[in-house]
Amino acid sequence: MSLQSIIDLESRFGAKNYAPLPVVLATGQGAYLYDTEGKRYIDMMSAYSAASFGHLHPRLVAAMKRQLDRLDLVSRAYHSDNLGAFCQDLAKLAGLDACLPMNTGAEAVETAIKAARRYGYDVLTIPEDKAEIIVAAGNFHGRTTSIIGFSTDPACRRGFGPFAPGFVTAPYGDAAALEALIGPCTAAVLVEPIQGEAGVIVPPEGYLASLRRICDRHGVLLIFDEVQSGLGRTGRNFCFEHENARPDGLIVGKALGGGLMPVSAFVARRGLMDVFDPGSHGSTFGGNPIAAAVGREAIRVLGEENLSRRSAVLGKVLLEALRAVDHPGIVEIRGKGLWVGVELDPAHVNAKDVCLSMARRGVLTKETHATVIRFAPPLVIEEADLLQAVDLFHDALVEVHSAAAVSCAEQI
Ligand SMILES: *Cc1c(COP(=O)(O)O)cnc(C)c1O
């Protein structure tokens with residue numbers, strides 16, 4: 001099958017809810033992906049951090065295969081022999097007490113919302129159906145109807161209402177403005193410690209610690225969505241560790257599935273987790289034996305391969321290399337660990353064209369919000385590949401910029 005016919009088949013029988021680059025991937029290994037013709041790409045995307053451990057990490061593949069020879073799905077109607085150990089390992093990693101495993105990130109966010117509301121009624125004595133959760137402008141927490149209801153991005157919301165009430169929006173990165181919104185019905189504050197989909201927006205230093213103090217002062221819950229920032233992405237196991245701002249509830253996903261399958265979890269203090277009683281919440285697939293085996297091994301690999309440290313060290317190399325790129329199209333470079341957003345000036349270069357040019361040169365990434373190029377490679381990437389990707393990014397900027405200059409001149 002030709003490249004074009006594979007792409008055509010997908011658009012003929014699939015929904016058009018994504019606009020992928022015209023690259024058809026067939027195999028992968030570590031930080032490399034290969035298309036149907038065997039062309040090699042450096043992965044600067046890591047499937048939005050789901051492939052943080054690299055593609056087909058041998059230890060993760062082996063753990064999954066071992067489990068497949070033993071036991072598949074049994075549902076939560078029974079105990080299974082590795083669920084408790086998985087929950088223990090994840091709770092310990094987060095410095096919290098208990099886990100409720102789900103599958104996708106959005107489901108784990110929904111779990112956090114349910115936990116926060118019930119805690120609001122049962123413990124904070126908020127009047128029935130009045131609980132509020134404070135969220136941040138520019139957030140991305142997934143795609144369910146209740147989650148998109150508190151998104152501020154029109155593209156996520158248009159045509160999908162009516163939306164659930166009970167969410168209050170604060171500006172991101174401004175702890176004082178958020179505190180001013182806390183009222184008698186506030187149950188929780190829910191934010192991303194770095195906003196990924198918004199364009200790798202890093203809040204001012206001290207923001208996370210301020211939120212912790214504010215939530216303590218008002219007796220409300222602090223919940224961090226670390227679906228994308230967690231498990232080493234920012235140079236620590238969790239982003240909140242940069243400011244020692246341990247939340248009451250933590251949402252983990254993406255990389256927890258080792259790039260092999262969807263595994264997510266809501267992790268919390270015991271007093272918060274215990275709002276759930278039998279029948280109040282669940283998931284057919286959440287915490288299944290295969291997910292538990294993969295999730296456990298992912299946590300082990302994170303520690304034993306020192307990937308958070310690696311992300312911190314290589315993240316500095318990446319930032320430095322990107323800051324050395326001298327091009328008028330670059331407006332701002334921001335990030336933490338192996339997670340960087342480069343803001344481009346649309347008057348000089350079009351971010352999508354830059355991504356297309358990078359793909360032709362063998363580097364895969366994707367723009368976010370039309371003007372930001374993200375650099376989020378697997379944490380196992382070699383430094384030489386990282387630097388090569390930055391060089392090829394520079395070449396792409398030059399190509400797209402001069403093409404734009406030509407078409408501009410043609411117009412005159
Ligand atoms: C990706 C993401 C989600 C949603 O995860 P899914 O697995 O796509 O449902 C939630 N929160 C954040 C911060 C994310 O980046």
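In listed order, ligands and their atoms are each counted from 1. In what follows, residues are counted from 1 in the order of the sequence shown.
- Within the 4.0 angstrom cut-off, atom 8 (O) of ligand 1 has no protein heavy-atom neighbours.
- When H141, M102, K254 are ranked by how near their heavy atoms come to atom 14 (C) of ligand 1, first place goes to K254.
- A side-chain donor-acceptor contact under 3.5 Å links E110 and S146.
- For ligand 1, the atoms lying closer than 4.0 Å to a non-hydrogen atom of T104 are 7 (O), 9 (O).
- Atoms of ligand 1 lying under 4.0 Å from at least one heavy atom of E192, given by number and element, are 13 (C).
- A donor-acceptor contact closer than 3.5 angstrom links the side chains of T234 and H242.
- When the options H141, R374, H369 are evaluated for a side chain to side chain donor-acceptor pair (under 3.5 Å) with E197, the one that passes is R374.
- Annotation: E320, atom CD; neighbour count of heavy atoms from other residues, nucleotides and ligands within 6.0 Å does not exceed 12.
- Of all atoms in ligand 1, numbered sequentially from 1 with element shown, those under 4.0 Å from a heavy atom of F140 are 1 (C), 2 (C), 3 (C), 11 (N), 12 (C), 13 (C), 14 (C).
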Assess whether ring-ring contact (aromatic ring centres under 6.0 Å, His included) is satisfied between F393 and F375, documenting all intermediate values.
CA-CA 10 Å; F393 165 61; F375 291 81; 5.1 Å; yes
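- Close contacts of ligand 1 with A106, meaning ligand atoms under 4.0 Å from a residue heavy atom, involve 4 (C), 5 (O), 6 (P), 9 (O).
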Does the pair V23 and L33 meet the rule for a side-chain contact (heavy atoms from CB on, under 4.5 Å), with working shown?
CA-CA 10 Å; V23 172; L33 290 165; over 6 Å; no
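- Residue contacts with ligand 1 for E107 are absent, since no atom lies close enough (heavy atoms, distance under 4.0 Å).
- Considering all non-hydrogen atoms of both residues, E297 and R59 come closest at OE2-NE, 3.0 Å.
- Remark: among candidates G142, G105, A198, S264, the nearest residue to atom 5 (O) of ligand 1 is G105, based on non-hydrogen atoms.
- Near D225, the atoms of ligand 1 lying under 4.0 angstrom from a non-hydrogen atom of the residue are 10 (C), 11 (N), 12 (C), 13 (C).
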